[in-house]
Number of protein chains: 2
Amino acid sequence: MLQPSDVDWTDPECPVARAADLVGDKWILLIIRDSLDGKRRFSEFERSLGVAKNILSDRLRLLVDRGILTRTPNDRGTRSEYELTGAGRDLFTLILSLRQWGERNAFAAGEKHSVVIDHLTGEPVPQLQPHREDGSELSPEQTLLVKVGQPLPENVK
Amino acid sequence: MLQPSDVDWTDPECPVARAADLVGDKWILLIIRDSLDGKRRFSEFERSLGVAKNILSDRLRLLVDRGILTRTPNDRGTRSEYELTGAGRDLFTLILSLRQWGERNAFAAGEKHSVVIDHLTGEPVPQLQPHREDGSELSPEQTLLVKVGQPLPENVK
DNA sequence: AAGATTGGTTTCAATATGCAACCAAATGAG
DNA sequence: CTCATTTGGTTGCATATTGAAACCAATCTT
């Protein structure tokens, strides 16, 4: 489990809130995007993001502290490489859902944007879709949030 | 398309970046989480999030401005209700992927957390999983980011 | 050997945050 | 109907965060 040095969760029993505490920040999300695209070096992130160096430095430190990146200094202890941990690579689905929501909702028709394709076939990656075990689509209205210690409603399972 | 009044994108050609500009903030993500759970009133959000009133007020204004919530004042023009727009409800997948990542990576084994279930069956919602058209799983290493104006590699489609 | 690049840290002004006080309108209790 | 309480905010203020720029040592290039 991720173990940031300061664990002071906004809402400890909610996984959405814990995730938002760990990665709910614009620069953090974009660093993860770039990491998934194979970028590893400070200067690569800096060029790609156009972020101030002190902020990039801060966010990289947070990401290492939060168990999402590892920092591997070069031989002399300088010029580190930053790579995703398992928990970091596991953010692929999140970044993909951000991307697909952005494509659907933040671009005018015909406006160009980057795309993610299947490397082998060149096909665009299909839309993520919440579904039931049987494969049928699941809308937010069809779901129910059950909090810790809260009894399940009578009509279910 | 979403049309916030100040469009000053961090990285205009990247859907991840546009999405991060619009919803890449902890409080915004948690307000959307609560909205998907049916909360509509200022005081409901305030109680649920434990956020300062001025910050909640600011984020609700941003969300309305960004086309993710609508604000419907009561008869006398006070005590508004905030409801998700289509683009807002479309964030269900994103919030679900945040939740599932949090469940997998931000909780120790056996630690309790809230869960989302299928209202009808009571079954937990299955994991979101990037996949190909044929249903096979797709890992980050099997995908490729193609930027605007960048030619596709030779070996694909 | 000299110059450029990398991977940062430091400084400082501007901005954002969060706490607390305040307020008017609406609602609830008696 | 009256009074107290809740709701849905706004305002002020102290503190924390941000981002631009200068700076720097170590490395890499020529």
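Between the CZ atom of A:R61 and the P atom of D:dT17 there is a distance of 13 Å, rounded to whole Å. We find that CZ of B:F45 is positioned 13 Å from C1' of D:dG8, with the value rounded to whole Å. Residue B:E46 contributes atom CD, which lies 12 Å from atom P of D:dT10 at whole-angstrom precision. Note: CG (B:L62) to C1' (C:dA16) measures 12 Å, nearest angstrom. The interatomic distance linking A:R79 (CZ) with D:dC24 (C1') rounds to 13 Å, in whole Å. Put simply, CG on B:L69 is 15 Å from P on D:dG8, counting in whole angstrom units. Look at CG on A:D25: it is 12 Å from P on D:dT17, rounded to the nearest Å. Straight-line distance from the CG atom of B:D58 to the C1' atom of D:dG8: 15 Å, rounded to whole Å.
Side-chain atoms of B:W27 lie closest to C:dG18 of the nucleotides C:dG18, D:dT18, C:dT27. Side-chain proximity of B:R41 to the nucleotides D:dT7, D:dG19, C:dG8 is greatest for D:dT7. For B:I55, counting side-chain heavy atoms from C-beta on, the closest listed nucleotide (C:dT17, D:dT7, D:dA26) is C:dT17. The side chain of A:K53 has C:dG8 as its nearest neighbour among D:dG19, C:dG8, D:dT7. Among the nucleotides D:dG9, C:dG7, C:dT27, the one closest to the side chain of B:S80 is D:dG9. The side chain of A:R59 lies closest to D:dT18, out of D:dT6, D:dT18, C:dT17. Between C:dT27, D:dG12, D:dG9, one nucleotide has an atom nearer to the side chain of B:N54 than all others, and that is D:dG12. Nearest to the side-chain atoms of B:S43 among the listed nucleotides D:dT18, C:dG7, D:dT7 stands D:dT7.
Note on B:V64 and B:L56: same hydrophobic cluster, where clusters join Ile, Leu, Val, Met, Phe, Trp and Tyr whose side-chain heavy atoms are under 4.5 Å apart, directly or indirectly. B:I55 is connected to B:Y82 through a chain of hydrophobic side-chain contacts under 4.5 Å among Ile, Leu, Val, Met, Phe, Trp and Tyr, so both are in one cluster.
For the pair B:R18 and A:F107, the cation sits on the ring face: its NZ or CZ lies under 6.0 Å from the ring centre, inside 45° of the axis.
Contact annotation for A:Y82: backbone-only contact, meaning every heavy-atom pair under 4.0 Å involves sugar-phosphate atoms and none involves a base.
Of the N and O atoms on the side chains of B:S80 and B:R41, not one donor lies less than 3.5 Å from an acceptor on the other residue. A side-chain N or O of A:R61 and one of A:S57 form a donor-acceptor pair less than 3.5 Å apart.
In this structure, A:R71 reaches the C:dG8 phosphate: one of its side-chain N or O atoms is under 4.0 Å from OP1 or OP2. Put simply, B:S57 has no side-chain N or O that comes within less than 4.0 Å of OP1 or OP2 on D:dG8.
Heavy-atom contacts from other residues, nucleotides or ligands closer than 6.0 Å to CD of B:Q150 number more than 12.
Remark: A:R71 does not engage A:E81 in a salt bridge, criterion side-chain N to carboxylate O under 4.0 Å. B:R33 and A:D11 are joined by a salt bridge, as a carboxylate oxygen and a charged side-chain nitrogen come within less than 4.0 angstrom of each other.
A rotation axis mapping the C1' atoms of four pairs onto the next four is fitted at both ends of the helix from C:dA1-D:dT30 to C:dG30-D:dC1 over five pairs, and the angle between these axes is 30° to 10 degrees.
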